Amino acid sequence: MVGKRSLALFAVLGFGYAFLYLPIVLLVIFSFNESRLVTVWSGFSTKWYGELLGNQKILDAAWLSLKIAFVNACGAVFLATLAAVVIVRFRSFRGRTLFLALVTAPLVMPEIITGLATLLMFVAMEHAVGWPEGRSATTVTIAHITFSMAFATVVIQSRLSQMDRTLEEAAMDLGARPLKVFFVITLPIIAPSLLAAWLLAFTLSLDDLVIASFVSGPGSSTLPQVIFSSVRLGVSPQINALATIFVGVVTVGILLAGRLMNRNESAGR
Amino acid sequence: MDAVQDSVLNRAIGVFIMVDTQTVPAPARAPGGSLGQPWKDPKAVPFIKLEGVSKSYGDILAVNRVDLSIHKGELFALLGASGCGKSTLLRILAGLEVPTEGRVFIDGVDMAGMPPYRRPTNMMFQSYALFPHMTVEQNIAFGLKQEQAPRARIVERVAAVLDLVQMGAFARRKPHQLSGGQRQRVALARSLVKEPKVLLLDEPLGALDKKLREQTQFELVNIQERVGVTFVVVTHDQEEAMTMSSRIGVMNAGRIEQVGTPAEIYEYPHSRYVADFIGTANLLEGIVQTHAADTVVVQCPDMPSAVAVSQVGAVPAGASVTVMIRPEKMTMGRDRPTGEVNAAPGRVRDIAYLGDISIYHVQLDSGKVMEVAQTNLRHTAEQRVTWEDVVWVGWHPANAVVLTQ
Ligand SMILES: Nc1ncnc2c1ncn2[C@@H]1O[C@H](COP(=O)(O)OP(=O)(O)OP(=O)(O)O)[C@@H](O)[C@H]1O
Ligand SMILES: [Mg+2]
């Protein structure tokens, strides 16, 4: 009975994992494929990795995307922390509900609308104040911050609202001013959520195609844009190689972050 | 009242409250000793003064028009049932809560608008509120660092208070690696380290074992006498309040019901609530029959005859009152007591043998159960009272109190 049940359970588990990860596993396998045809296996080779390293266009786009994602994550976490503190710590001020709604609206806003709206705003701003000049990496970064900040806010806010308020009160009672309390007590305690929010914002930016298509200009194509346009001309195994590298980097990053957070969590109790 | 009498009283109280006979006399402080009784001096200026302080959370009135004066160097205990507003009152003093009404003065300064970090107070939180990301040492040093104390002084002070709470061996641990009692000691040490003018302790010793608790009580009293800190201590351990404090404030539903020395609170409670809350009390409902110069006669339905109580102060005839008698103030015997005493026959329903004393539950004919405490004077009393015996309980009119509230 038990054996039967566990067999069924394993089957379901296996199916679930396969559903989630088989595509990625295939992608990784085919990145080592000798053949140019993505669907036919003809022997092991790392030549696509070599070719990838020679493809300046993709490398440039990848580097640009990483830079944008990095700046975006930092900016989003900074703004999201401020927003979370306002939402959690200032329980009653005029317009709090509106503020809450405005901050979290991008969560449910279709990206295509966010993209179009930010594009319109940039054009209007350029017209009015002469900045930003045309579409560039800067506009992509700004647009990314506006939408990933909403996600970061939710993550940080949930941690902050769980934090024991009396810790801050105790610090103040012992003579620390509010700003000091924030940096010495509050920030270290919610640090795991800042890291999680940073990673989330980073990934969201790295991932985004739609918004970037609206607000990026010539010469500032992000990696998803370059991949998408090259795939339209036919899938090159180079893309597989690139994706494999990304999967590897992301996996390592997530594992590291998870460990860090675990350690932090147990210390936080 | 002299010290000897006082410690005897403490001991008696300890027995009744703790059902624990081996009470090592904790730091018995004699009112009228080194401290004096500044609250009796109308000219004395209180160190902490609350004037009509209220705090409401929406509909909940957590603190209700509290007027309170606490003098320099006092160890003032706040006692009361759970949820009666003790912590809220401390938080108001610490500046963590803004009173809805009323004013707070500390050392003559109006505390209105004064943030916690500028007040001359330190608080120990009921939940300890230890900083989870700091070691025990860092937690304790935090307050000193805020006032930019020199490193050497910080190190020395931290070591001193760690020693005091016997936590020196745990200096490098994080709070989550400590037991409940150890955390409590760290929290206490953290609040003591700055030696502020006012120390607000919210249940400082609740999680400690008896021995450690007594040692720490002793240390607290020491600090108080050495440094002249004014303590406000919340506790619901009555023995602790009795042995440590110069005065006790009994709280009930946001109000302060009575303020007085431990002996005053125990011997002359103002209300039923206080009488019932502190120690054990036999309470008899009744109607005042006559009121002579120094004796009130109360008709109690539970008693076979009217009860006489020596009492100065006017109680109008016809008022409904409660007569309170402490168990140790009662006598018990097989024969009707003679002389000017109140007496009633009853049957022994229960006996609790506590070594030095025994507590008898005597059911009167009316069904009312009285608690009587008797000192066990002999090894084997020839006529030891036992279960279901018919006995007479009695007490002298001077040993009861009439409560009008
Ligand atoms: N932030 C708050 N919001 C609403 N009600 C509160 C708040 N803090 C306290 N109260 C209420 O105020 C009352 C007094 O609370 P307080 O914490 O002062 O009680 P306490 O005497 O310290 O009790 P205990 O002995 O259990 O610690 C309680 O009824 C409590 O529910
Ligand atoms: Mg409390």
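To find a chain, count down the sequence lines: A is the first, B the second, and so on, and within it residues start at 1. Hydrogens, waters and symmetry mates play no part in the numbers below; they use all other heavy atoms, side chains included. Since the structure is predicted, the reported quantities are computational estimates derived from the model, not experimental observations.
Counting non-hydrogen atoms of other residues, nucleotides and ligands closer than 6.0 Å to CZ of A:Arg89 gives a total above 12. Few gaps surround CZ on B:Phe105; more than 12 heavy atoms of other groups in view lie less than 6.0 Å from it.
Looking at heavy atoms from C-beta onward, B:Met123 lies out of side-chain contact with A:Leu174 at the 4.5 angstrom threshold. Annotation: side chain of B:Tyr117 is not in contact with side chain of A:Lys180 (no heavy-atom distance under 4.5 Å).
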Residue pair A:Ile185, B:Met134: steps toward the side-chain contact (heavy atoms from CB on, under 4.5 Å) verdict: CA-CA 9 Å; A:Ile185 305 296; B:Met134 297 186 187; 3.8 Å; yes
Please output the side-chain donor-acceptor pairs of residues 11-19 of chain A that fall under 3.5 Å, not counting sequence neighbours, one pair per line with the distance.
none

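Neither the backbone nor the side chain of B:Met124 comes within less than 4.5 Å of any heavy atom in chain A. The contact between B:Arg118 and chain A is made entirely by side chain atoms (from C-beta outward), counting heavy-atom distances below 4.5 Å. The contact between A:Val184 and chain B is made by backbone and side chain atoms together, counting heavy-atom distances below 4.5 Å.
Residue-level contacts of residues 137-159 of chain B with chain A, in order of numbering, are B:Phe142, B:Gly143, B:Gln146; threshold 4.5 Å between heavy atoms.
With hydrogens and angles ignored, the 3.5 Å screen pairs a side-chain donor or acceptor of B:Asn122 with a backbone N or O of A:Asp173.
Heavy atoms only, all atoms of each residue included: A:Leu167 and B:Phe131 are closest at O-CE2, 3.3 Å.
Here A:Arg165 contributes atom CZ and B:Leu96 contributes atom CG; the two are 9.5 Å apart, rounded to the nearest 0.5 Å.
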